[in-house]
Amino acid sequence: MFKNYFKIAWRGLIRNKLYSAINIGGLGAGMAVSFILLIYVYNEVTFDSFHQNKDRIYKVMKNQPANGEINTGDATPVQLAGALQKDYPEIEAITRTNWGYDQLLNYNNKPLKFNLMSVDASYLDIFTLDFVKGNKQDAFRDMSSVIITESVVKALFGDKDPMGQTVKLNGNQLVKVSAVIKDLPQNSTFRFKALIPWKLYESAQPWVKGSSWGNYSFMTYVLLKPGINPDVFSNKIKNVIARYNADNKENKLFLFPFTKWHLYSEFKNGVSVGGSIEYVRLFLLLAIGILLIACINFMNLSTARSGRRSREVGIRKVVGAKRTAIIQQFLGESVLTAFLAFVFAILLMSVLLPYFNELIRGQLTIPYANYGAWAAAIAVTVITGLLAGSYPALFLSSFKPVRVLKGNSSTGKRTWHTRQILVVTQFVFATCLIISSILIYKQISYIKNRPVGYSQNGLVEFGLEGKMIDQFNNFRLDAISSGAVTDAAATSTSIANTNGSTWGVTWPGQLAGEDKIPIDQIAVSYHFISTFGLHILQGRDFDESRPADTLALMLNEAAVKLMRLKQPLGQIVKWQGKQCAVIAVVKDFVWGSPYEPVKPVIIGFDKGWAGQMGLRLNPKAPVSASLAKLESIYKKYNPEYPFQYKFVDESFNGKFQTEKLLGTISTAFTILAIVISCLGLFGLASFSAEQRKKEISIRKVLGATVSSLWFNLSKEFLQLVIISFVIGSAISWYYMNRWLAHYTYRTDISLWVFVVTISISVAVCLITVSWQAIKAALSNPVKSLKNE
């Protein structure tokens, strides 16, 4: 029986090549995109799940009340790990880490930078690393050791065995390769390429060991013993800070599951409010939506062809076929079509996935060797086939044999209304995507055009490292005299990204408790204002001829407002334990999120804190020539380090990465949704034109023009598009209004957005149906009527 069904289905597909191609192509495209999105979703929800102890690993977090709100962060004091380990037997292992950053590894005069992280030896017991050479018991036995990944081995050693080889770290410290591990999976929170022992880190950075309980600069992870209730334990450690550091007793600790960090790392008033999980949900919704409109195509085309299948159904029923058997037959046909579409989808995925990876900057792959993924894909294919074929099967099997054998099929208004609803559903989805895409790009444009408060053009930043730390001033003078730059300044961090705050700041007229307010800070040297182009509202820049400026600072407008300083110049503000005089007030500049109001910032003077240098390229010289000169001068002072720089405007644009990704993906799916919807519309239009061939011929004989026939055939589809636009606009307005409400600075939902959307929808509809309408209008009426 199944063999017979298969033969009938196959012959049907071959006999109706155009409809089969539309069905398989549309369903295959929808499945391909849905599968890619599902791979993305799976990758996200399994983030960090490769760690064997994943269910017992927690990140230590802190809630810090300030200014009526609770700020949540994962930075902890360096002493915390020891205190927790000593006081709480529930902990099996605990480790500290710093924030990994690029550091120099040099082997045989081959200096390369890799992301390097410092950890306690217990890190190797808590987290799962796949050792290729060496083992976790001996990897950190020697303080001067380094664990490297296979990609570091390939880049630094080539085919040579790295074990036991000596590498120079940051140009001044010799370390020995003690183990090689596989590169971390791409769905890992940690991004390091090499690990060094914490003791080595403390040796290279003596301030770390002596940092106080008030210095929140490190992260702490715990591995709880089996059976320990994390909520109960979290409550037990809540007041640890108060026990060891009375000055910060307001800070409350708690545990957060490590495997949830990637998706739920946004907090508001001490409570997790989500994070990347919002995008996972959105992508899952898109996957279902795309697959749904592809299924609707299948339903539309199948029911549109019901007239041709009605006689077959009638004969089968006359010879004794039950409705159940006919339903099975049609479902079998749709499942067969779905499997053909699945094969097409696999081919399409192999083409599309690299482009999708470029969009999300990921490394997703088709899991060919994963049996579970194949089983899931086949299950989705079967469900898709059953879903797509369910309505046509129920509809076609309901034909009355007597009526259809008399030539009276039941493809009446009821069927047409059903197809109209399905087409409207498709175009509602497409309308929502069009409006969403336009508004996302409008929001990005609105924020990018917001004044940042300093000049980004021609501003580049370098890491201040190696010999450059001591030679920065000479480098600056040489760079200016060469004509490559007009000025340069050293800073603690990039001006494009906020990277730290402080509290314990005091000022005249301060109210009780205000010294606990975290205030953003940046430490700078001389020439900061002139280099970065900030606007001074009152006062002056730091001056080399004034020795007292080493105990001075500047405030932005937001900081002055926070401190309620009516005459800020000359006021004494305690910052980093120093009594500093305010010498300037600068206009607010965008340092943190461009979507949020500017936060208070202290610009303090501290030459010893510098970690970056900013340079203003000479606008009168070509950029390439200036960079070539800078590289030559840089190599003169810091030959061991590679010449690497970042343009500040590019770093700033990185803040829009999430919105850009959302906009690009939304646009891509908009195009796809329109294409799939058009496939269905094209099929329906051709069917409608064929069904109305007799009517068209009579109209032509009576004198109807081609344009009137074209309009007559097209208007029913235009009506559907307009109905879809009304529904889709209402849905989009509601949800995009909620999305924009997340931003303090946001664009408005203008009327032109809807005008553009309806214009696109109408144009797409007319382009799709016009070919069939004009073809029918131009056909020879004599020939048509003769056939009838």
- Task: Verify whether one side chain among Thr747 and Gln443 offers a donor that lies under 3.5 Å from an acceptor in the other.
- Result: no
- Check whether more than 12 heavy atoms from other residues, nucleotides or ligands sit under 6.0 Å from atom CH2 of Trp733, and answer yes or no. no
- Task: Before giving the answer on side chain to side chain contact (heavy atoms under 4.5 Å, CB included), spell out for Phe429 and Leu433 the whole-Å C-alpha distance, their side-chain angles and the decisive distance to 0.1 Å.
- Result: CA-CA 6 Å; Phe429 189 67; Leu433 286 175; 3.7 Å; yes
- For the residue pair Phe267 and Phe256, does the interplanar ring angle fall in the parallel (under 30°), tilted (30 to 60°) or perpendicular (over 60°) class? perpendicular
- Task: Count the heavy atoms belonging to other residues, nucleotides or ligands that lie under 6.0 Å from OH of Tyr745, then report whether that count exceeds 12.
- Result: yes
- Message: Surrounding NZ of Lys260 (heavy atoms of other residues, nucleotides or ligands, distance under 6.0 Å), is the total greater than 12?
- Response: no
- Got a sec: does the OH of Tyr42 have more than 12 other heavy atoms crowding it under 6.0 Å? no
- Query: Quick one: does Ser750's side chain have a donor or acceptor within less than 3.5 Å of a partner on Trp752's backbone?
  - Reply: no
- Query: Looking only at side chains, do Thr46 and Asn187 share a donor and an acceptor under 3.5 Å apart?
  - Reply: yes
- Query: Should we count NZ of Lys646 as having more than 12 external heavy atoms under 6.0 Å?
  - Reply: no
- More than 12 foreign heavy atoms under 6.0 Å from CZ of Arg191: is that the case here? yes
- Message: Is a donor from one side chain sitting under 3.5 angstrom from an acceptor on the other, for Ser437 and Thr670?
- Response: yes
- Item | Parallel, tilted or perpendicular, as decided by the 30° and 60° cut-offs, for the rings of His262 and Phe47 | parallel
- Just checking, any donor-acceptor pair under 3.5 angstrom between side chains of Thr259 and Asp48? no
- Message: Under the side chain to side chain contact (heavy atoms under 4.5 Å, CB included) test against Thr149, which residue among Leu184, Asp130, Asp183, Asn115 passes?
- Response: Asp183
- Message: Could you check whether Asn23 and Thr337, counting side-chain N and O atoms only, form a donor-acceptor pair closer than 3.5 Å?
- Response: no
- Find out whether the Lys NZ or Arg CZ of Arg746 is both under 6.0 angstrom from the six-membered ring centre of Tyr446 and within 45° of the ring's axis. no
- Side chain Ser334, main chain Leu331, donor-acceptor under 3.5 Å: yes
- Query: Is a salt bridge present between Asp748 and Lys442, judged by a nitrogen-to-oxygen distance below 4.0 Å?
  - Reply: yes
- Between Phe339 and Phe342, how do the two ring planes meet: parallel, tilted or perpendicular, split at 30° and 60°? perpendicular
